[in-house]
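Have a look at the structure below, then the notes.
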Amino acid sequence: MNKLIYLFILFFLSACSLSPNLKIPEANYTINDKQLNSVKDNNISKQWWKEFNDENLNKLIDLALKNNNDLKLAFIHMEQASAQLGIDFSSLLPKLDGNANANRVKTSTNAPSNQTGKVYYSNDFKMGLNLSYEIDFWGKYRDTYRASKSGFKASEYDYEAARLSVISSTAQAYFNFTNAYENENALKDAYDSAKEIYRINDEKFQAGAVGEYELSQAKANLENIALQYNEAKLNKENYLKALKILTSNDLNDILYKDQAYQTFNLKEFNIPTGISSTILLQRPDIGSSLEKLIQQNYLVGVARTAFLPSLSLTGLLGFESKDLDTLIKGGSKTWNIGGNFTMPIFHWGEIYQNINLTKLNKDEAFINYQNTLITAFGEIRYALAARKTIRLQYDNAQSSEYSYKRIYEISKERYDIGEMSLQDYLEARQNWLNAKIAFNNTKYSYANSIVNVIKAFGGGFEQSENMSKNIEKDSQNLDMSFRE
């Protein structure tokens, strides 16, 4: 028995692997000194959204991290990968089963084994432990376990990517909703001004002071503002819908309740302004695609083992008796040990094609990994450029809004003392409101560009962190009450 145990340990530890050597492609890129200096000391907080200092946004993201179904699915997929990892680990070890069976047989007089020429009955009672183990000569089960381990790690990265996506989408949906709400209010004021301008022109037209051209202009302006106002109301409902879907699983909340908001105030974030040399460690989607490539590489080795022989060992230790009352007595002890050797000979190309399929799956994973890298760097470049450009647009729009507001204030002063007509005063007010809407749009575009930069750089994620511990902590906030 000791020799068998030593032999088992030897086989377990010395199992080889037929998986090919995997060469991970290096992401070769250069950064200049200016970019390096701009990013080396910048760290993004994993709770970066709190830097917007908006309690409504904080509450919404807390709700999203609790209720969002995409995040729940990512967590369930991780649990599935964990369960598969446990299954594949069990394949590395011997299986021990307890069994008991009873048979009563009637032997016919014509049975070859019946030498008496008479009908007789016999009983057979068995009880014992069965041991089975396939020696993993070629690393089939070990590589399967390694593949599952990479698959589980990829699912952890996928959860982190889903978490970042949910947070980013919630923040941007909130900004879009707030922008639409402010635009709706501004367009309501602009619509009231346009309606008053049209009324004045209509009176002048009736009195013959203006022609049909001026009246038609005022009417067209009113209809255009009315169109924008109605579109703003619809946009607000659309963004509210997106926000509710992201953050709530209460149907009444989604169907009826409105959403509080707070005007966004510009705040400079301590976020990267260049491409970091450690960016590959800050994107969970890159980590996931790499682990999936490693997983497929191990599965190539698993498929190759089908060309090679396999040896399975079985053993029984228990009792056997023809009478139930003597089953567990000393004379009923029994044991056996055996082996089964299998060598594939001819499978009509099945094994070869299966290996070819796993290689193609590996090629697909390799291309997906490259695409993830390309997409990541493309997103980083665009996010940085967009943030810089929209920041300039923000300054221009703010200056324009201030100028139109000042014109409106001067117009109001002149109108109050009778130096300006009501129509000119209302037109100045409408121009200011239009500039205010343009500024609002640019302001929230800038807020969204900040979110895009943070998301492109991984949202504060670092590969060196303990993902399993962090996810376990985060998952406690998920509403999984449907399991009860």
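All figures in this text were calculated on a predicted structure; none of them were measured in a lab.
Under a 3.5 Å cut-off, the side chain of T372 and the backbone N or O of N368 do form a donor-acceptor pair. Using a distance-only test at 3.5 Å, with no hydrogens or angles considered, a donor-acceptor pair links the side chain of S475 to the main chain of E472.
Considering every non-hydrogen atom in both K106 and V119, the closest pair reads CE-CG1, 3.7 Å. Contact detail for A81 and G151: the closest heavy-atom pair is CB-O, 4.2 Å. In terms of heavy-atom proximity, L92 sits nearest to Y133 at O-CE1, 3.5 Å. L187 approaches Q228 most closely through the heavy-atom pair CD1-O, 3.4 Å. The nearest pair of heavy atoms linking I44 to G459 is CG2-C, 4.1 Å. When all heavy atoms of A161 and D285 are compared, the pair lying nearest together is CB-N, 4.4 Å.
The closest side-chain heavy-atom distance from L164 to K455 is below 4.5 Å. S445 has its side chain out of reach of Q393: every pair of non-hydrogen atoms, C-beta onward, lies at least 4.5 Å apart. For the pair W49/T170, no side-chain contact is recorded, criterion being any heavy-atom separation below 4.5 Å from C-beta on. The side-chain heavy atoms of L299 and Q296, taken from C-beta on, include a pair separated by under 4.5 Å. Contact annotation: the side chain of Y141 never approaches that of L93 to less than 4.5 Å [non-hydrogen atoms, C-beta and beyond]. Side-chain contact between N477 and D62: absent, with no pair of heavy atoms (C-beta onward) separated by less than 4.5 Å. Between V302 and Y298, every side-chain heavy-atom pair lies at or beyond the 4.5 Å cut-off. At least one side-chain heavy atom of I76 sits under 4.5 Å from a side-chain heavy atom of M480.
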Quiz item: Given the rule in the side chain to side chain contact (heavy atoms under 4.5 Å, CB included) test, do S288 and Y369 qualify, once you have shown the distances and angles that lead to the verdict?
Solution: CA-CA 9 Å; S288 173; Y369 176 67; over 6 Å; no
Quiz prompt | Check against side chain to side chain contact (heavy atoms under 4.5 Å, CB included), L293 and N297 | solution = CA-CA 6 Å; L293 173 58; N297 188 67; 5.7 Å; no
Self-check item: From CA spacing to verdict: side chain to side chain contact (heavy atoms under 4.5 Å, CB included), T247, N67
Solution: CA-CA 6 Å; T247 61; N67 297 322; 5.9 Å; no
Exercise. List the steps, then state whether side chain to side chain contact (heavy atoms under 4.5 Å, CB included) holds for K443 with E182.
Key: CA-CA 11 Å; K443 179 173 63 174; E182 290 189 37; 3.8 Å; yes
Practice problem: Report the C-alpha separation of E79 and R483 in whole Å, then their side-chain angles, then the decisive distance to 0.1 Å, and conclude whether the salt bridge (Lys or Arg N to Asp or Glu O under 4.0 Å) test is met. | Solution: CA-CA 14 Å; E79 290 182 313; R483 287 178 167 176; 2.3 Å; yes
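Note that CG of D479 and NZ of K66 are 5.5 Å apart. Values are rounded to the nearest 0.5 Å. Taken from CZ in R283 to OH in Y157, the straight-line distance is 13.5 Å, to the nearest 0.5 Å. Taking OG from S108 and NZ from K118, the interatomic distance works out to 15.5 Å, rounded to the nearest 0.5 Å. Atoms CD1 and CG, on I61 and L63 in that order, are 10.5 Å from each other to the nearest 0.5 Å. Remark: E462 CD to E160 CD distance equals 11.5 Å, nearest 0.5 Å. Summarising the geometry, atom CD1 belonging to I167 is positioned 8.5 Å from atom CD belonging to Q47; distances are rounded to the nearest 0.5 Å.
For OH of Y121, the number of neighbouring non-hydrogen atoms (other residues, nucleotides, ligands) closer than 6.0 Å is 12 at most. Shown here is K95, whose NZ atom has more than 12 heavy atoms of other residues, nucleotides or ligands within 6.0 Å. For K359, the NZ atom is loosely surrounded, since the number of other residues' heavy atoms within 6.0 Å does not exceed 12. At most 12 heavy atoms of other shown residues, nucleotides or ligands fall within 6.0 angstrom of atom OH in Y382.
Salt bridge status for D70 with R163: absent, with no side-chain N to carboxylate O gap under 4.0 Å. Ion pairing between a basic and an acidic side chain is recognised when a charged N comes within 4.0 Å of a carboxylate O; D143 and R146 show such pairing.
Ring-plane geometry between Y181 and F177 is classed as perpendicular, the angle between the planes exceeding 60 degrees on a 0 to 90 degree scale with a lower cut at 30. Aromatic ring orientation, F75 versus Y159: perpendicular (interplanar angle above 60°, classes split at 30° and 60°). Taking the six-membered ring where tryptophan is involved, the planes of F175 and Y444 are tilted, since the angle between them lies from 30° to 60°.
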Could you go through residues 229-237 and list every donor-acceptor pair under 3.5 Å that involves a side-chain atom there, pairing it with any protein atom two or more places apart or in another chain?
residue : atom : partner : partner atom : Å
N230    : ND2  : A226    : O            : 3.2
N235    : ND2  : E231    : O            : 3.4
K236    : NZ   : E184    : OE1          : 3.4

Hey, can you pull the donor-acceptor pairs under 3.5 Å for the side chains in residues 309-322, sequence neighbours left out?
residue : atom : partner : partner atom : Å
S321    : OG   : D323    : N            : 3.1
S321    : OG   : D323    : O            : 2.9
S321    : OG   : T326    : OG1          : 2.6

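With sequence neighbours excluded, the residues that form a salt bridge (charged side-chain N to carboxylate O under 4.0 Å, His left out) with E51 are K267.
You'll find the ring centres of Y239 and Y174 outside the 6.0 Å limit.
Of the residues D253, N249, D250, the one that meets the side chain to side chain donor-acceptor pair (under 3.5 Å) test with K244 is D253.
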